[in-house]
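Below is one structure, written out as structure tokens; the observations come after it.
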Amino acid sequence: MRDPDSEIQKLKKSNLYREIKFSSLEAGTTFEDNGSKFLNFSSNDYLGLCSHHQIKEAARNALNSFGVGSGASRLISGGTLPHQNIEKESAEFFDKEAALYFTNGYCASVGTLGSILQKGDTVILDKLCHASLIDGSRLSGATLRTFPHNDLEKLERILKSVTDNKVSNTRILIVTEGIFSMDGDSSPILEIIKLKKKYKALLLVDEAHSFGIYGDKGKGIVNSKGLQNDVDFIIATFGKSAGAAGAITASSRIWRDLIINKARSFIYSTAPMPSQAAAALEGLRIIQSNEGDLRRKKLKKNITSLCDKLNLDIPAGAIIPIIIGDEETALKKSKDLMKSGILAPAIRYPTVAKGSARIRITISSNHTKDCLLKLSKALMVSES
Ligand SMILES: *Cc1c(COP(=O)(O)O)cnc(C)c1O
């Protein structure tokens, strides 16, 4: 039998071993680990909402009204008013007929893909899609194909070959993201929609990193380009820019009905705490508000100022990858940054391809000028 110790040693030897960190502070731009304080450039709390007083209050109010646990799955008796409201307001926000709230983005991906697809169908993913989309595709039993990142020619070649051999009554689903979580760039949605129509495929766009920060009112990439009628499924997560937790799949009403009846991560799981849904809903409301506009403006200013200092191109979202290459150097660089009081993780295989390890910097609207100055100084020192 394989013993766990030898597996751990192997991970350590190849610089792929990971450990959990704990902070003694509430989520924000400072992280405290074992008495040392770090400036946090590793969180997806882009709009600084994780510890926003209104979101806390919304959670507390829901706690008082609905209790802590939901007690059962949504299809049994776990649903409450906050669950219903987040679905209604998310559907309106994304301008789709309906939305379904899941415990988190991972469950939304796996549940949605597992409901749309079955054996005999084909799912075509961008090579850089998030692990949850890959896992959902695999679990669905559909044939899984990938195309090189944003490579439309290769996508079309796959679509053509799948269509040429298509059995009637089977589905083809294209999967991409609004902003890619480890590279920080976006996808050519309009061109993908043209292909989707030409080959009669379905399209799912995961807006985990674009929801809240991209486009007018933070509506994400699909809506900001007015393409919501051409995208069958939008996934958005509330654990990042919305400062809470959970995720929705926005779609037509009929697709939502099917997902409710087929998504195993939805059916066989206790409903998220009502306070979680209420917090996510408040996050969604702040995102659409004037305060949301101000926070996005500040975020944009922070990103531009940092990229100017470091001579980098301005990214589509708030993720700035600094590609290093080998895992050992990336790990060392991240440790050096920690010595300068900066928390910025080394992202390694299997999150990204082997040999494309990187320091992943994420910016928040709550970072101050001083924070950004310290980061750029530390990066320049560890460069030389
Ligand atoms: C973070 C993320 C998820 C998972 O969302 P959680 O709510 O953290 O489980 C799904 N898809 C993408 C693209 C993500 O970046």
Side-chain angles (χ1 to χ4, degrees), residues 43-50 52 55 85-96 98-109 111-112 126 128-130 132-133 175-187 189 203-251 272 276-277 279-289 291-300 303 315-319 362-366:
S43 169
N44 302 312
D45 182 19
Y46 302 127
L47 298 179
L49 298 185
C50 274
H52 194 286
I55 297 186
N85 287 339
I86 183 109
E87 292 177 345
K88 187 171 161 283
E89 292 188 29
S90 295
E92 282 164 13
F93 180 79
F94 287 106
D95 200 10
K96 298 294 282 179
L100 185 66
Y101 185 63
F102 289 84
T103 304
N104 54 50
Y106 190 93
C107 287
S109 295
T112 304
D126 186 290
L128 293 188
C129 275
H130 190 259
S132 61
L133 298 166
V175 180
T176 189
E177 295 185 16
I179 286 175
F180 286 84
S181 54
M182 296 301 143
D183 285 56
D185 58 345
S186 60
S187 51
I189 304 274
L203 175 60
L204 182 152
V205 180
D206 187 336
E207 299 245 33
H209 294 276
S210 35
F211 162 53
I213 65 168
Y214 191 98
D216 186 39
K217 298 288 165 200
K219 279 180 184 279
I221 287 194
V222 173
N223 263 265
S224 70
K225 298 182 195 292
L227 299 171
Q228 57 274 22
N229 291 335
D230 295 320
V231 174
D232 304 275
F233 310 94
I234 298 172
I235 290 181
T237 63
F238 293 89
K240 288 161 181 152
S241 64
I248 54 95
T249 298
S251 65
Q276 179 190 312
L281 177 60
E282 188 60 27
L284 177 66
R285 287 175 179 167
I286 296 174
I287 280 172
Q288 303 172 67
S289 71
E291 181 182 350
D293 288 339
L294 290 175
R295 283 177 181 265
R296 274 184 292 280
K297 218 167 159 182
K298 176 79 192 314
L299 176 65
K300 185 99 201 162
I303 294 166
I319 299 160
T362 44
I363 305 297
S364 164
S365 62
N366 274 6

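Small disclaimer: the values here were computed from a predicted structure and weren't measured. Heavy atoms only: backbone and side chains are in, while hydrogens, waters and symmetry mates are out.
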Practice item. Carefully, step by step, assess Cys129 and Asp206 under the rule side-chain contact (heavy atoms from CB on, under 4.5 Å). Key: CA-CA 9 Å; Cys129 275; Asp206 187 336; over 6 Å; no
Review point. For Glu207 and Thr237, what are the C-alpha separation, side-chain angles and deciding distance, and is it a side-chain contact (heavy atoms from CB on, under 4.5 Å)?
Key: CA-CA 7 Å; Glu207 299 245 33; Thr237 63; over 6 Å; no
Exercise for review: Please assess Leu100 against Glu87 for the test side-chain contact (heavy atoms from CB on, under 4.5 Å), listing each intermediate value before the final yes or no.
Suggested key: CA-CA 6 Å; Leu100 185 66; Glu87 292 177 345; 3.5 Å; yes
Practice item. Take Tyr101 and Ser90 through the test side-chain contact (heavy atoms from CB on, under 4.5 Å) and record every step on the way to the result. Key: CA-CA 9 Å; Tyr101 185 63; Ser90 295; over 6 Å; no
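With hydrogens and angles ignored, the 3.5 Å screen pairs no side-chain donor or acceptor of Glu89 with any backbone N or O of Leu281. Asp126 places a side-chain N or O within donor-acceptor distance of the main-chain N or O of Leu128, the cut-off being under 3.5 Å.
Taken from CG in Asp95 to NZ in Lys219, the straight-line distance is 7.0 Å, to the nearest 0.5 Å. Expressed to the nearest 0.5 Å, how far CD1 of Ile189 lies from CG of Asp230 amounts to 11.0 Å. Taken from CG in Asn44 to CD1 in Ile213, the straight-line distance is 9.5 Å, to the nearest 0.5 Å. With rounding to the nearest 0.5 Å, the separation of CG in Asn223 from CD1 in Ile221 is 11.0 Å.
Results of the side-chain contact (heavy atoms from CB on, under 4.5 Å) test with Leu47 over His52, Lys240, Lys298, Arg296 single out Arg296 as the only residue that passes.
Between Phe94 and Phe211, the ring planes lie tilted relative to each other; the angle falls in the 30° to 60° range.
Using a 4.5 Å heavy-atom cutoff, the side chains of Asn366 and Arg295 are in contact.
For the residue pair Tyr46/His209, the side-chain donor-acceptor check at 3.5 Å is satisfied.
Taking both residues in full, the closest heavy atoms of Gly111 and Phe102 are given as CA-CE2, 4.4 Å, listed atom of the first, atom of the second, then distance.
Annotation: Lys300, atom NZ; neighbour count of heavy atoms from other residues, nucleotides and ligands within 6.0 Å does not exceed 12.
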